[in-house]
Protein chains: 2
Amino acid sequence: MKLTTRTRYAVRSMVDLVNQPAGKPSPLSDIAQRQGVKLRYLEQIFIRLRRAKLIESKKGPGGGYFINQNPKSIKLSEIMKAVGESSAPVFCVTRNSQKNCPRMIYCTIKPYWGKLGKTIDQFFDSVTLHDVSIKYDSIDPG
Amino acid sequence: MKLTTRTRYAVRSMVDLVNQPAGKPSPLSDIAQRQGVKLRYLEQIFIRLRRAKLIESKKGPGGGYFINQNPKSIKLSEIMKAVGESSAPVFCVTRNSQKNCPRMIYCTIKPYWGKLGKTIDQFFDSVTLHDVSIKYDSIDPG
DNA sequence: TTCATATCTACTTCTATATTATAGAGGGAT
DNA sequence: ATCCCTCTATAATATAGAAGTAGATATGAA
């Protein structure tokens, strides 16, 4: 049950942006260097983030990417969605592809995969960009 | 966040075994046919399940695989573990590989990936083979 | 006009998963 | 004893999707 690097880089880069001076664009090359990620790869990720309106961009010298909203208002689930990561643990629990599985009528397992997907969804919905940007205080020892 | 086919086939095949006459070995070729999975692939999965003592085997004519314990006592987490699926969403939250990530000292995200992993773990720990073998009664509409 | 930046499209490489293949070991039946 | 059925083990190959690379273009500030 691994996350893709696209997702991980996306979250890391968003945290990186949060830590930059507010309103000041960061060139992607700087972000790539700070995060130790190849610029060309990060480009593709940032285009998605921008299209999802999670970040804004400014072209030309002095340009770059920046966040123009409160990190507390951005959920991880939005970042996931922007870069195309799905929480569905199997293909058959997403709405579109239900019809493709010939077992769906009598499959006794599927409802549990659905539950798992929802559990994961709830996690991503409950954690904000702000949360993952600050030092974690372990309240519950779970 | 997809499950591998190895995991899915493992769970499906275990359910298949539950539905066979108790104590009577099922030849793997039959299971493969019923499940629509290639025998050669299923062989590898079943060896792992047997090594984990989740199932037993009998060689020779009339032999095959069978379950010799209560499906209520087998957790999905045991099946996952047997076939090598991990709930860790990123490599750095498993104990062994912690040392490999140079960011672990100051990374503010990692604790949340750890939490996600635990959440997934809890799910797999809370669902038994019996659960996924019977028709699901949706009690909570969540 | 020049340069720094983002944006877009396409292509290549890589790797884990999935699949196939080959050989062997054990055991029941005749 | 021999045969065939079954599991067991390991190796080789194929595939798909992720990861990474490249080239060309658009935009805007100085």
Side-chain angles (χ1 to χ4, degrees), chain A residues 1-13 17 20 24-33 35-68 80 82-86 88-91 97, chain B residues 1-10 12-13 17 20 24-33 35-68 80 82-86 88-91 94 97:
Chain A
M1 301 230 69
K2 286 280 179 296
L3 292 168
T4 60
T5 60
R6 227 170 47 215
T7 304
R8 295 194 291 113
Y9 292 173
V11 175
R12 271 167 56 180
S13 302
L17 277 188
Q20 300 311 309
K24 186 183 164 224
S26 291
L28 196 49
S29 53
D30 290 3
I31 301 171
Q33 193 159 32
Q35 293 301 320
V37 173
K38 283 286 167 59
L39 171 62
R40 282 299 169 89
Y41 193 35
L42 213 50
E43 280 176 351
Q44 301 172 30
I45 293 168
F46 268 68
I47 286 177
R48 291 169 185 249
L49 293 173
R50 194 193 149 273
R51 283 183 187 153
K53 299 194 196 304
L54 298 179
I55 55 178
E56 295 180 30
S57 64
K58 192 163 182 293
K59 290 185 180 178
Y65 290 97
F66 57 100
I67 292 190
N68 212 0
M80 302 287 152
V83 298
E85 176 98 25
S86 160
V90 293
F91 78 95
S97 42
Chain B
M1 301 232 70
K2 287 281 180 295
L3 292 168
T4 60
T5 61
R6 227 170 46 214
T7 303
R8 295 195 291 112
Y9 293 172
R12 270 167 56 182
S13 303
L17 277 188
Q20 300 312 309
K24 189 185 164 221
S26 291
L28 196 48
S29 53
D30 289 4
I31 301 171
Q33 193 159 31
Q35 293 301 321
V37 173
K38 284 286 164 62
L39 171 62
R40 287 286 167 79
Y41 193 32
L42 214 50
E43 282 176 346
Q44 302 173 30
I45 294 169
F46 267 67
I47 286 178
R48 292 169 183 250
L49 293 173
R50 193 192 149 274
R51 284 182 187 153
K53 299 192 196 305
L54 298 179
I55 55 179
E56 295 179 31
S57 64
K58 190 166 184 290
K59 293 183 180 177
Y65 289 97
F66 57 100
I67 291 191
N68 210 1
M80 302 287 151
V83 299
E85 176 99 26
S86 159
V90 293
F91 79 95
T94 60
S97 42

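Every chain is numbered from 1, with letters handed out A, B, ... down the list of sequences. These values consider heavy atoms only, across backbone and side chains, with no hydrogens, waters or symmetry-generated copies. Predicted model, so just to flag it, every value in this text is computed and none were measured.
- A donor-acceptor pair is defined here as one N or O able to donate and one able to accept, closer than 3.5 Å; such a pair exists between the side chain of E85(B) and the backbone of M1(A).
- When rounded to the nearest whole Å, the span between CZ of R40(B) and P of dC7(D) equals 13 Å.
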Open item on the list: Checking Y9(B) against T4(B) for the side-chain hydrogen bond (donor to acceptor under 3.5 Å, both in side chains) test, could you report, in this order, the C-alpha distance in whole Å, the side-chain angles of both residues, the deciding distance, and whether it holds?
Closed with: CA-CA 9 Å; Y9(B) 293 172; T4(B) 60; over 6 Å; no
Under 3.5 Å, N/O pairs linking protein and nucleotides 14-16 of chain C:
none

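- Side chain to side chain, Y65(A) and S13(A) fail the donor-acceptor criterion of an N or O pair below 3.5 Å.
- Between L28(B) atom CG and dA9(D) atom P the separation is 14 Å, expressed in whole Å.
- When rounded to the nearest whole Å, the span between CZ of F46(A) and P of dT9(C) equals 19 Å.
- Among dT8(D), dC8(C), dA9(D), the nucleotide with an atom closest to any side-chain atom of S57(B) is dT8(D).
- Rounded to whole Å, the distance from CG on D30(A) to C1' on dA6(C) is 14 Å.
- Ranking dG28(D), dT10(D), dG26(C) by closeness to the K59(B) side chain, first place goes to dG26(C).
- Separating the CZ atom of F66(A) from the P atom of dT5(C) is a distance of 15 Å, rounded to the nearest angstrom.
- Computed from coordinates, the I45(A) CD1 to dA6(C) P distance equals 14 Å when rounded to whole Å.
- Rounded to the nearest 0.5 Å, atoms CD1 (I55(B)) and CZ (R50(B)) are 8.5 Å apart.
- One can place NZ of K58(B) at 16 Å from C1' of dT8(D), the figure rounded to the nearest angstrom.
- Among the protein residues, Y65(A) comes within range of the sugar-phosphate backbone only, with heavy atoms under 4.0 Å from sugar or phosphate atoms but none that close to a base.
- Between L42(A) atom CG and K38(A) atom NZ the span is 12.0 Å, to the nearest 0.5 Å.
- Using modelled atom types, no side-chain atom of K58(A) and backbone atom of P25(A) make a donor-acceptor pair closer than 3.5 Å.
- Of the possible polar contacts, one joining the R6(B) side chain to the V83(B) backbone as a donor-acceptor pair under 3.5 Å is found.
- If you check dT7(C), dC3(C), dG28(C) against the side chain of P61(A), the one that comes closest is dC3(C).
- Rounded to whole angstrom, the span from the CD atom of Q33(B) across to the P atom of dT6(D) amounts to 12 Å.
- Residue R48(A) is out of contact with every strand shown, counting any heavy-atom pair closer than 4.0 Å.
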Anything under 3.5 Å between a protein N or O and an N or O of nucleotides 15-19 of chain D, put it in a table, one pair a line.
unit_1, atom_1, unit_2, atom_2, d
dA19(D), OP1, T5(A), N, 2.8
dA19(D), OP1, T5(A), OG1, 2.9
dA19(D), OP2, T5(A), N, 3.4
dA19(D), OP2, T5(A), OG1, 3.0
dA19(D), OP2, Y41(A), OH, 3.4
dA19(D), O5', T5(A), OG1, 3.0

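- In terms of modelled atom types and a separation under 3.5 Å, the side chain of R12(A) and the main chain of Q35(A) share a donor-acceptor contact.
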Between the protein and nucleotides 11-13 of chain D, list every N/O to N/O distance that falls short of 3.5 Å.
none

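- Closest contact between the side chain of P27(A) and the listed nucleotides dT5(C), dG28(C), dA21(C) involves dT5(C).
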